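Take a look at the structure below.
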Amino acid sequence: MRRVSVFGATGSVGENTLDLIARRGDCQVVALSGGRNVARLAELARAHRAELAITAHEECHAELKSALAGSGIEVAAGAAALIEAASRPADWVMSAIVGAAGLAPGFAALAQGGVLALANKESLVSAGALLKAEAARHGATILPVDSEHSAVFQALVGEDIAAVEKVTLTASGGGLRDWPLEQLARATPADAGQHPNWAMGQRITIDSASMFNKAMEVIEAREFFGLAPAQIEVLIHPQSLVHALVGFRDGAVMAHLGAPDMRHPIGYALNWPQRAPLPVARLDLAQAARLDFHLPDPVRYPALGLAWQVMETGGSAGAVFNAAREAALDAFIGGQIGFLDMARLVSLTLESFARSDDISREPASLGEVLETDKEARRRAAALVGALPRCGAV
Ligand code: NAD
Ligand code: MG
């Protein structure tokens with residue numbers, strides 16, 4: 001039996017992962033983690049006969065314990081319990097917690113020397129170099145789960161990365177892509193929380209509308225594949241059927257196509273290095289009829305350009321960028337700032353670090369990254385009050 005754990009099991013990626021694990025029928029589920037949705041976590045733990053269920057929140061411990069009473073499933077709660085659970089022997093671990101909270105459990109899982117299927121892009125953006133060094137130290141493999149990165153990874157099988165000229169990540173343009181520019185400042189979290197093609201968690205859906213998600217993915221691609229910033233390009237592709245393209249030095253371009261369903265990249269990581277049948281819709285190009293592409297408008301998507309600024313700075317800039325983005329998203333969801341203020345807030349936070357800190361120095365430890373993350377959130381929160389109101393809801 002293959003031993004597998006899923007962190008962020010109650011989320012959109014987590015649920016899809018468990019669906020595929022159950023279909024394989026050859027996996028022993030070690031640990032499942034969730035947040036405040038304790039009833040769903042307990043249900044999943046029972047259905048998949050997990051050895052251990054962990055809620056990230058100490059105050060939910062008693063509720064989870066009572067929901068799993070008599071099941072024989074071990075129960076734990078809190079950040080330290082998540083790390084302990086990730087340290088338990090497993091061959092395959094899914095990292096699908098949303099946000100920087102996924103960083104430490106992912107790190108701990110690498111010490112098993114198995115496969116870390118990484119949906120949590122925040123880990124690579126905040127601590128890419130450290131994460132890769134930890135994987136190398138333990139002989140662990142990090143596999144991409146983000147659909148675009150899985151697409152690039154698949155296009156690179158058997159190829160020499162030195163022969164790559166350019167990687168193109170596609171973007172749907174998000175839920176507000178057809179809105180008139182002058183209305184964007186007044187978009188609400190409900191408006192931005194609609195996605196035209198993908199069913200995902202609320203936070204990544206809003207990040208898709210602002211293209212903060214794509215900015216994260218550009219940095220993620222640089223880290224995963226060791227690309228120079230100038231080798232990465234983003235194109236808006238409203239149909240979301242082409243997930244990424246890799247251009248080689250002989251002029252050939254390999255594109256990865258498929259229906260927009262996260263069970264494809266999750267399943268690829270689960271079955272890797274083989275391919276196994278997956279319950280995803282088959283691509284019907286005759287029915288799709290057309291594939292459109294265009295360059296993103298920097299005025300509509302001010303967040304996207306910040307990715308190149310962060311990559312040029314290097315060092316801790318990724319950790320500052322991610323933490324400030326999470327703080328900006330919280331402020332937007334909480335009604336404190338407007339949709340377009342998110343990019344301004346992140347830009348101002350990056351500036352504040354550029355003025356006063358040695359931001360371009362590589363962080364030496366995970367602890368240092370977490371300190372930077374905390375400080376960036378503190379500064380971003382302080383800047384929320386100072387931001388001239390621009391269409392806040
Ligand atoms: P989601 O919001 O649906 O689920 C998040 C999961 O993390 C839940 O299990 C939740 O309980 C848990 N969680 C939330 N806050 C936590 C905390 N502080 N500590 C511990 N656990 C916590 O999110 P999602 O859409 O499944 O995304 C998960 C990750 O995968 C994100 O990093 C996202 O960027 C990435 N991703 C998602 C998709 C997608 O299609 N949903 C695609 C590509 C990448
Ligand atoms: Mg993606």
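Order of listing sets the numbers, starting from 1, for every ligand and every atom in it. Model, not experiment: these values are computed from the prediction.
- Of all atoms in ligand 1, numbered sequentially from 1 with element shown, those under 4.0 Å from a heavy atom of Asn120 are 32 (O).
- Through side-chain heavy atoms spaced under 4.5 Å, either directly or across other Ile, Leu, Val, Met, Phe, Trp or Tyr residues, Val242 is tied to Leu235, Leu241, Leu245, Val253, Leu257, Leu283, Leu285, Leu291, Phe293, Leu295.
- Ligand-side atoms of ligand 1 in range of Thr10: 8 (C), 9 (O), 10 (C), 11 (O), range being under 4.0 angstrom from any heavy atom.
- Contacts of Ala119 with ligand 1, taken as heavy-atom pairs under 4.0 Å, involve both backbone and side chain.
- The parts of Met200 lying near ligand 1 are both backbone and side chain, judged by heavy-atom distances below 4.0 Å.
- Each of the following atoms of ligand 1 lies closer than 4.0 Å to a heavy atom of Gly35: 11 (O).
- Taking the centre and axis of the six-membered ring of Phe353, the NZ or CZ atom of Arg379 falls inside the cone set by 45° and 6.0 Å.
- Salt bridge Glu223/Lys121: absent, no basic N to carboxylate O contact under 4.0 Å.
- Every heavy atom of Arg203 sits 4.0 Å or more from the atoms of ligand 1.
- Put simply, no part of Asn37 is less than 4.0 Å from ligand 1, judged by heavy atoms.
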Would you mind writing out the side-chain donor-acceptor pairs for residues 314-329 within the sub-3.5 Å range, not counting sequence neighbours?
| residue | atom | partner | partner atom | Å |
| --- | --- | --- | --- | --- |
| Asn322 | OD1 | Arg325 | NE | 3.3 |
| Asn322 | OD1 | Arg325 | NH2 | 2.6 |
| Asn322 | ND2 | Glu326 | OE2 | 2.9 |
| Arg325 | NH1 | Asp207 | OD2 | 2.4 |
| Glu326 | OE1 | Arg377 | NH1 | 3.4 |
| Glu326 | OE1 | Arg377 | NH2 | 3.1 |
| Glu326 | OE2 | Ala100 | N | 2.8 |

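- By the 4.0 Å N-to-carboxylate-O rule, Glu51 lies too far from Arg88 to be salt-bridged with it.
- Near-neighbour remark for the Mg ion (ligand 2): protein N, O or S atoms under 2.8 Å are Asp146 OD1, Glu148 OE1, Glu217 OE2; waters not counted.
- Checking Ser12, Gly8, Ala199 against atom 41 (N) of ligand 1, the nearest heavy atom belongs to Ser12.
- Among the atoms of Gly99, none of the N or O lies under 3.5 angstrom from an N or O of ligand 1.
- The Gly34 neighbourhood of ligand 1 comprises atoms 11 (O), with distances under 4.0 Å to a heavy atom of that residue.
- Looking at Gly201 next to ligand 1, an N or O pair under 3.5 Å apart turns up.
- Heavy atoms of Ile204 found under 4.0 angstrom from ligand 1 belong exclusively to the side chain.
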What's the verdict on salt bridge (Lys or Arg N to Asp or Glu O under 4.0 Å) for Arg203 and Asp330, showing C-alpha distance, side-chain angles and the deciding distance? CA-CA 9 Å; Arg203 297 180 74 85; Asp330 288 336; 2.9 Å; yes
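- For the pair Arg290 and Asp292, the salt-bridge criterion is met [side-chain N within less than 4.0 Å of a carboxylate O].
- Remark: ligand 1 and Ser147 share no N or O pair separated by less than 3.5 Å (distance only, no angle test).
- In this structure, of Asp146, Val98, Asp207, the residue bringing a heavy atom nearest to atom 43 (C) of ligand 1 is Asp146.
- Here Arg24 does not pair with Asp19 in a salt bridge; the nearest charged N to carboxylate O distance is not below 4.0 Å.
- The nearest protein atom to atom 13 (N) of ligand 1, hydrogens excluded, is given as Ile97 CG2, 4.2 Å; this is a heavy-atom distance.
- In summary, Glu368 and Arg361 engage in a salt bridge, as defined by a charged side-chain N under 4.0 Å from a carboxylate O.
- Listed by number with element, the atoms of ligand 1 under 4.0 Å from a non-hydrogen atom of Val13 are 26 (O), 30 (O), 37 (C), 38 (C), 39 (C), 41 (N).
- Of all atoms in ligand 1, numbered sequentially from 1 with element shown, those under 4.0 Å from a heavy atom of Ala56 are 19 (N), 20 (C), 21 (N).
- A salt bridge is absent between Asp91 and Arg3; no separation between the charged side-chain nitrogens and carboxylate oxygens falls under 4.0 Å.
- Screening residues 36-63 for ring pair (Phe, Tyr, Trp, His ring centres under 6.0 Å), with sequence neighbours left out, gives no hits.
- Residue contact check: Ala101 has heavy atoms under 4.0 Å from atoms 17 (C), 18 (N), 19 (N) of ligand 1.
- Checked against a 3.5 angstrom limit, the closest N/O atoms of Glu122 and ligand 1 fall inside it.
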